[in-house]
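Working notes, beginning with the structure itself.
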2 protein chains.
Amino acid sequence: MSITIYDIAKQAEVSIATVSRVFNDSGHVTAATRKRVLDVANQLGYHPRALAQSLARKKSKIITVIVPVISNYFFMEVLAGMQDKIAEYDYDLQIFNVKVAEDLLDQADHIIKRGWGEGYMAISVHLDDSSWEKLEKYDVPVVLLDEYYPGFSTISVDSIEGAYIATSHLLQQGYRSVGMICAKPDSKPVIDRVLGYRHAMQDSGIMVDPEMIVTGEDMERDGFTESNGYQAMTNLIRSDTPPEACFCASDIQALGAIKAMKDNNMRIPIIGFDDLEFSEYVGLSTMRQPMYDMGSLAIEKMVRQLEKTDTEPTHTIFTPDLVLRASSPDFAGISEESG
Amino acid sequence: MSITIYDIAKQAEVSIATVSRVFNDSGHVTAATRKRVLDVANQLGYHPRALAQSLARKKSKIITVIVPVISNYFFMEVLAGMQDKIAEYDYDLQIFNVKVAEDLLDQADHIIKRGWGEGYMAISVHLDDSSWEKLEKYDVPVVLLDEYYPGFSTISVDSIEGAYIATSHLLQQGYRSVGMICAKPDSKPVIDRVLGYRHAMQDSGIMVDPEMIVTGEDMERDGFTESNGYQAMTNLIRSDTPPEACFCASDIQALGAIKAMKDNNMRIPIIGFDDLEFSEYVGLSTMRQPMYDMGSLAIEKMVRQLEKTDTEPTHTIFTPDLVLRASSPDFAGISEESG
DNA sequence: CTGAAAGCGCTTACAG
DNA sequence: CTGAAAGCGCTTACAG
């Protein structure tokens, strides 16, 4: 039913090898035969099947992206960067979702063994070193995004440093009691951001009050949701000694936190983490993660590996930038803002 | 180097056919030989290559998604719905970006001919009927999302009706001068939304003032950006007779429009279109498009076609729901709100 | 420049 | 239940 290389070879009165050559610009084909083949192909609407080409060439020209099902804004902005960048190359993107569970390694293993891609990128997939080590054995190009492992090329953001910067800024403004809204406590980014927060507090000689580190009840998407932030801030407000300022593990939660403050008719300075597209318009101060650039860079690293330009893994660690907006006014400006 | 069905056949002392059967639970294989094969396979870390299976079976178990590069929130929420739904089935998602240009048909044609997927979904790809007709000839399952064409299954939202509802609501509140913020004028959704807006105005016996239909200068993503909305609202404000209320073609633009109002120290009721995740937290009234559900339904339709449950194209047209929030207070409440 | 043939790694009737 | 063989739709040395 669907037409193949044989059909057009027959009609053009050449061998299938010649047809193949025409479509690959490989080998030298006479202009005449080339035209004959192309004419027949056009007439019949022929186009080589990528599947068959991939098998024969042992190259699929596909880059497979592994992402946790909790697809959030972070992933989306990263993906946008990937999509724009990959358009420059002769590769295409295939996406596989994995469930965040104990058998995460098995799932990744399975995806790689299925062998669709020439290379694999994992976004926010967190495994321990021994797990990554197993995957390393397959000797296939892998780029990790939002994760670090020496054996693969990685792109990540220094969450500890970011949290430190945000918290320190608040402390420098003169606030002593700074709270933190976190998400799922055992999620990798949360662990790091809490750590940075603690460091900053300690470096300022302030005892960390465990009750100042809160999260909401809604644990969908690992707690990275507006509702979680809303709940968390509500908890903070209702505590005996509400903080004077707050560092929040993500912008999306900060959005909810701001709403909670509004609903409670109060306002304290808050700094988020991410810098999502809407953050600027909401006036949210935040630690900017260059998500789009990270996605773009990930593709570049992958292509360099695929084309053997890079032979050793490379590591890029971005330090997030503090972006100050209305949500964390200068200390002097507080009275005006908190109307 | 990488191990194949032959390797494990040899070691297990069976034919490759038997190995294949074990991995496909097809045919009856003795428990003993089955175990033997599986043991060897595990030991060698074997797993069938999807590429080869696809070629032999003439089925790739892949659903290909075609999306314009201007990937916006709409696409992202749709994709989330697709991802969650596809997890229930034995299919995987592959994404191809197309550039919105004259040769959009060629690009789609090319993607389909490459033949990766068993079925193709197009999100927000707008072509004329004769173009879709050409694609119909390939006789491969296609589902269109955010587009209508009789020959394929489609899922769309009634933009005209949605715009009509939003505008009518504003008019019923008592506003006479209602403006509209649109995006790229010749983009499909914009055309429809402007139409609905005009209908509503006309049905209320109000002359449509062309100057009341504005857009911003930034045409990235077809104008569906905050900055475009900001510019558009700024234009509206600066006009000789600013409107008393405003319908906006998208939430993302409405976000920018609200900021523009704030910066100009004024506020008129505004209703957006989409209901993005942040809209609730911003208090933006809007025409809700069930994007997630649309993505989910698209997968269902596709699978039904792939498994021959559906043999005829089906069409689902959602009418967007009016969701009222703080951005468009009741007429009575205006004085309080516009502080 | 062009063709015959082997091969990519599987599946699947067809026999037995 | 199991194997030999053809086939999926291409590519690519190897000859000529």
Side-chain angles (χ1 to χ4, degrees), chain A residues 1-38 40-41 44-62 90 110 112-118 138 140, chain B residues 1-38 40-41 44-62 90 110 112-118 138 140:
Chain A
M1 52 173 282
S2 70
I3 91 128
T4 73
I5 206 174
Y6 286 92
D7 301 315
I8 103 116
K10 195 181 298 172
Q11 280 220 27
E13 297 181 304
V14 293
S15 72
I16 58 163
T18 298
V19 178
S20 174
R21 283 190 192 103
V22 169
F23 277 91
N24 292 291
D25 321 284
S26 69
H28 308 221
V29 183
T30 320
T33 54
R34 181 183 166 74
K35 179 173 172 8
R36 194 142 40 87
V37 168
L38 248 23
V40 176
L44 270 54
Y46 169 79
H47 193 279
R49 234 75 96 230
L51 212 52
Q53 291 185 309
S54 301
L55 186 60
R57 289 179 182 150
K58 308 189 80 170
K59 284 194 177 187
S60 65
K61 285 295 173 186
I62 281 186
D90 187 25
H110 187 242
I112 294 179
K113 276 194 182 145
R114 292 225 275 158
W116 277 117
E118 285 184 52
Y138 295 132
V140 62
Chain B
M1 52 171 283
S2 69
I3 89 130
T4 75
I5 206 175
Y6 287 91
D7 301 315
I8 103 116
K10 194 180 299 174
Q11 279 220 27
E13 297 181 305
V14 293
S15 74
I16 59 163
T18 298
V19 178
S20 174
R21 285 191 190 100
V22 169
F23 277 92
N24 291 292
D25 320 285
S26 70
H28 308 223
V29 183
T30 319
T33 53
R34 182 184 166 73
K35 181 174 171 9
R36 194 142 40 87
V37 168
L38 247 24
V40 176
L44 269 56
Y46 169 79
H47 192 279
R49 233 76 94 231
L51 211 52
Q53 291 185 309
S54 300
L55 186 60
R57 288 179 183 151
K58 307 189 81 169
K59 285 191 178 190
S60 64
K61 286 295 172 185
I62 281 186
D90 188 26
H110 188 243
I112 294 179
K113 277 195 183 146
R114 291 224 276 159
W116 277 117
E118 285 185 51
Y138 295 133
V140 62

Applying side-chain contact (heavy atoms from CB on, under 4.5 Å), run through Ile5(A) and Tyr46(A) and close with a yes or a no.
CA-CA 8 Å; Ile5(A) 206 174; Tyr46(A) 169 79; 4.0 Å; yes

Would you tell me if any nitrogen or oxygen in the side chain of Lys59(A) comes within less than 4.0 Å of OP1 or OP2 on dC8(C)?
no

Check the side chains of Ser2(A) and Arg49(A) for a donor-acceptor pair under 3.5 angstrom, ignoring hydrogens and angles.
yes

Say you pick atom P in dT2(C) and the same atom in dA6(C); how far apart are they, in whole Å?
23 Å

Watson-Crick or G-U wobble partner of dA13(D), both distances under 3.5 Å
none

Nearest nucleotide by nearest heavy atom, which residue falls closer to the 5' end of DNA chain C, Ala56(B) or Leu55(A)?
Leu55(A)

Exercise: do Lys113(A) and Tyr138(A) side chains pair donor with acceptor under 3.5 Å
yes

Of Arg36(B) and Ala52(B), the one whose nearest nucleotide on DNA chain D sits closer to the 5' end is Arg36(B)

d(CD, Glu13(A); C1', dA4(C)) in whole Å
18 Å

So does Val29(A) get a backbone contact from the side chain of Arg34(A), meaning a donor-acceptor N/O pair under 3.5 Å?
no

Take atom CD1 of Ile16(B) and atom P of dT2(D), then tell me their distance rounded to the nearest Å.
15 Å

Under 3.5 Å donor-acceptor pair, Arg57(A) side-chain atoms to dG7(C) base atoms:
no

Without decimals, in angstroms, what is the distance between Ile8(B) CD1 and dG9(C) P?
15 Å

Rounded to the Å, how far apart are Gln53(B) CD and dC8(D) C1'?
13 Å

Starting at atom OH of Tyr46(B), determine the distance to atom P of dG9(C), rounded to an integer number of angstrom.
10 Å

Distance in angstrom units between Arg21(A) CZ and dA15(D) C1', rounded:
11 Å

What's the CZ-P distance between Arg49(A) and dT11(D), to the nearest Å?
11 Å

Thr18(B) side-chain N/O to dT2(D) phosphate OP1/OP2 under 4.0 Å:
no

In this structure, how many angstroms lie between the P atom of dT11(C) and the NZ atom of Lys61(B), rounded?
13 Å

Looking only at atom types and distance, does a side-chain atom of Glu118(A) sit under 3.5 Å from a main-chain N or O of Lys59(A), one as donor and one as acceptor?
no

Under 4.0 Å between a side-chain N/O of Thr4(B) and OP1 or OP2 of dC8(C), yes or no?
no

Under a 3.5 Å limit on both distances, the Watson-Crick or wobble mate of dA4(D) is none

Using a heavy-atom cut-off of 4.0 Å across all strands, would you classify Ser54(A) as base, sugar-phosphate, or nothing?
nothing

Should Thr30(B) be listed as having a side-chain N or O under 4.0 Å from OP1 or OP2 of dT2(D)?
yes

Under 4.0 Å between a side-chain N/O of Lys58(A) and OP1 or OP2 of dG9(C), yes or no?
yes

Any donor-acceptor pair under 3.5 Å from Ser60(A) side chain to Ser54(A) backbone:
no

Indicate whether OP1 or OP2 belonging to dC10(D) is found under 4.0 Å from a side-chain N or O atom of Ser20(A).
no

So what does Val14(A) hit on the nucleic acid, given a heavy-atom distance under 4.0 Å: a base, only sugar-phosphate, or nothing?
sugar-phosphate

With a 4.0 Å limit, can you tell me whether Ser15(A) has a side-chain N or O closer than that to the phosphate oxygens OP1/OP2 of dA4(C)?
no

